[in-house]
Amino acid sequence: MRKVSLVLFGAFLGAGTATVATQTHLLSGTSAVAASAETYRQLSLFGDVFEKIRTDYVEKPEEAKLIEAAVNGMLTSLDPHSSYMDAKSFRDMQVQTRGEFGGLGIEVTMEDGLIKVVTPIDDTPAARAGLLANDVITQIDNDQVQGLTLNQAVDKMRGPVNSPVKLKITRKEAKDPIEVTLNRDLIRIKPVRSRVEGGDIGYIRLTQFNEQTFDGLKTAIDKISGEIPADKLKGYVIDLRNNPGGLLDQAVMVSDAFLDRGEIVSTRGRNPDETQRFSAKSGDLTKGKPVVVLVNGGSASASEIVAGALQDHKRATVMGTRSFGKGSVQSIIPLGGNGALRLTTARYYTPSGRSIQAKGIEPDQEVLQDVPDELKGKDETKGEAGLKGHLKQKDTEERGGSSAYIPPDPAKDKQILAAEDFLRGVQKGAANTQKSGVPN
């Protein structure tokens, strides 16, 4: 039997396409019979407990929810990243993976129980309707937002393309609430943002690894190389800070954008024949320009694949603080009823054979931010090593989380400033010095 699965590399969410063959191992002799008998005894115990709850619990339970909770409990007992997704969670994951959906085009957050606009996205219904940062959404289609979770409010604003949605918003400058009706449009999440720094450095920020990431990176590199003459371009800053990960194939392609050859990443499952290796193809989109990769405690999974590959091949200098340390692979296996199983099936390794599970990528140059007093002690992530039930590494020293703080003002961002100073201090096309690596 073959199952088409999605390989998940995000610390929080994201997936890449892969095919997983289910292998059946046949046991023979009394050991197989004993194992089978013990397994069925435990399943019988589960059935007895389920029946007692169903018939004797003080209130009539929802049987489907009982089964779902039992399945999820079994999976979460394995590690922090294995879980069951119901139909809605599976659909949400697929939307995140595609990076496009029917919606309004606003980034929102929750503040004091209300939905606050962070920013409208350019050329979307929200931007065209004049929504502004700090607008507070109080009603969606005449339903009060108060009492809804952020996800519930977002779900109400998403929907089929060209369908209408009515919002009531309050704005500090306006005395009365403002009502607007918008038609939903196809919104594409832009995971790549770029700009030119000081007329000689290309800055590229990757916020996640969805289906749009590599194309966005290529567009950004083309745009920057078109704006800065080759003889003046000092190099690129690739900002992966607080990027939780995403698609495996996108992480491979992003790494390949800076490499001409060599292994990018390998994944190793329980059985040796499950090992997969991903290698770079010829062609460096940056034409050998120096590269600095920024990471911090919020850089996880696919971000760590990119940072580790470029670090091992001495193609980039990694700066910032230690990354999250999520070095496991999850397979997303669709189930009946449109739900899916997220199951940890392998670990991934950098080109030099490093597993970063519960350890993370150590930067070549640690650069600490000036954290405001009110955030000190709250700026560090737990890291993979701080998650209950995480996969252990034999003979490997685990490392905890590190700071994930990024100043809102780029002029005060010590990590970006250090990266720019570094690039301006190296020769055009010079190799970046690293702590360790493999031949390229």
Distance-only polar pair, side chains of [X] and [Y], donor-acceptor under 3.5 Å:
X    : Y    : value
H390 : Q357 : no
T275 : R268 : no
T344 : D79  : yes
D379 : S403 : yes
R188 : Q212 : no
T345 : S331 : yes
Q311 : D364 : yes
S323 : S299 : no
N210 : T97  : no

Between F258 and R315, is there a cation-pi geometry (under 6.0 Å to ring centre, at most 45° from the normal)? no
R354 to Y349 six-membered ring, cation-pi geometry met (6.0 Å, 45°):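 Verdict for Y349: no cation-pi partner in R354.
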Hey, is K116 close enough to E111 for a salt bridge, meaning N to O under 4.0 Å? yes
If you measure from the Lys or Arg side-chain nitrogens to the Asp or Glu carboxylate oxygens, is any gap between E274 and R270 under 4.0 Å? no
Taking salt bridge (Lys or Arg N to Asp or Glu O under 4.0 Å) as the test, write out the residues that go with E380, two or more places apart.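 E380 satisfies salt bridge (Lys or Arg N to Asp or Glu O under 4.0 Å) with no residue once adjacent residues are dropped.
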Heavy atoms only: give me the nearest A419-M319 pair and the separation to one decimal. CA-SD, 3.9 Å
Return yes if some donor-acceptor pair links the side-chain N/O of E304 with the main-chain N/O of G325 below 3.5 Å, else return no. yes
So D92 and S89, side chain to side chain donor-acceptor pair (under 3.5 Å) or not? Walk me through it. CA-CA 5 Å; D92 288 345; S89 297; 5.5 Å; no
